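Here is the structure we will look at, set down as structure tokens.
All values below come from the heavy atoms of this structure, side chains included, with hydrogens, waters and symmetry mates left out. This structure is a prediction, so every number in the text was calculated from the model and none was measured. In each ligand, atom 1 is the first atom listed, and ligand 1 is the first ligand listed.
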Amino acid sequence: MDRNTVALVTGGSRGIGAAVAVRLAEGGADVAITYVSDAEAAGRVVKAVEALGRRAVALRADAGDAAEVANAVGETVRRFGRLDVLVNNAGVGAVGPLEAVGAGDVDRVLGVNVRGAFLAAQAAAARMREGGRIITIGSCMAQRVPGPGGVLYATSKAATIGLTKALARELGGRGITANVVHPGPVDTDMNPADGPYAGPQAAMTALGRFGRAEEVADVVAFLAGPRAAYVTGAEFAVDGGHAA
Ligand SMILES: NC(=O)c1ccc[n+]([C@@H]2O[C@H](COP(=O)([O-])OP(=O)(O)OC[C@H]3O[C@@H](n4cnc5c(N)ncnc54)[C@H](OP(=O)(O)O)[C@@H]3O)[C@@H](O)[C@H]2O)c1
């Protein structure tokens, strides 16, 4: 990765986003992360990036709030002078049967997972130059829904595919790529490997285990780098074979 690369990782304070932030810094990027509630966790990621000799900043920005998303993009450019990589990672989980999903749940989950990702991509694209990268974190649930209880989450994550493909077409002429990474079950606060739904999820994968956030981050880092210049509009399952 070019040493001048500047990345913004939404929801970069914990889990997959935190691993992505550190991995991009290892590759030579300065990194801005957003978070919404856990400032201490965000501060730890900033320190981890700085320990790698790169610049970092944590910005409080709710992905469900259009003004805060736009401000996070603007602040990244103000601090670091440019924006090359957006990792649209901020997301919320949702589990429950169809009849238990309220309109407020729909607004909240689509507001972060879909509207937030859309607005961040829109704001970032306006600031990117040739070589820019937009990588959105989807889910294995966007490709294959293995049982009941995921209707709201799967709906939200399926939208990351449409967003990505349309962005690839929209931005290809400017040399900006857009791709989506679909993690399988990954051990994070959202989906702990010792949680109540862990056993069946691990059993759904070909490898029979949860993934680690770093295993997702490695694929994101590849897509963010110069060797992925001809990759756009594509889906990457990092799911232990969940979709196999
Ligand atoms: N873990 C899995 O098994 C799995 C599988 C497939 C897809 N994914 C997707 O991967 C992404 C990351 O998931 P994760 O498991 O790493 O989740 P996580 O452990 O819950 O971490 C979520 C991160 O996003 C931030 N965040 C939450 N809501 C936000 C909002 N409204 N605005 C800005 N930031 C927000 C959190 O910040 P605070 O600390 O401030 O709350 C935290 O940094 C999500 O899009 C998720 O849907 C996860």
Atom 23 (C) of ligand 1 [closest protein heavy-atom partner, distance rounded to 0.1 Å] = Gly11 O, 3.5 Å
task = Name the option, out of Ala117, Ser37, Ala213, Ala72, that contains the heavy atom nearest to atom 40 (O) of ligand 1.
result = Ser37
key: Nearest candidate to atom 31 (N) of ligand 1, where distance is taken over non-hydrogen atoms, out of Asp62, Thr34, Val20   = Asp62
inquiry  = Students should be able to answer this: which protein heavy-atom is nearest to atom 39 (O) of ligand 1, and at what distance?
reply    = Arg14 NE, 2.7 Å
key: Option of least heavy-atom distance to atom 10 (O) of ligand 1 (set: Asp187, Asn113, Ile137, Asp65)   = Ile137
ask   = For ligand 1, does Lys157 get within less than 4.0 Å through its side chain, its backbone, both, or neither, judged by non-hydrogen atoms?
value = side chain
ask   = What part of Val36 sits under 4.0 Å from ligand 1 if we count only heavy atoms: the side chain, the backbone, both or neither?
value = both
Sidechain-backbone polar pair: Arg133 side chain, Gly225 backbone, donor-acceptor under 3.5 Å = yes
ask   = Does Ala18 come within less than 4.0 angstrom of ligand 1, counting non-hydrogen atoms of the residue?
value = no
message = Which residue and atom name correspond to the protein heavy atom nearest atom 13 (O) of ligand 1, and how close is it?
response = Met190 CE, 3.8 Å
query = Considering only heavy atoms, does Ala61 approach ligand 1 within less than 4.0 Å through its side chain, its backbone, both, or neither?
reply = backbone
message = Below a 4.0 angstrom heavy-atom separation, can you tell me which part of Tyr153, side chain or backbone, both or neither, approaches ligand 1?
response = side chain
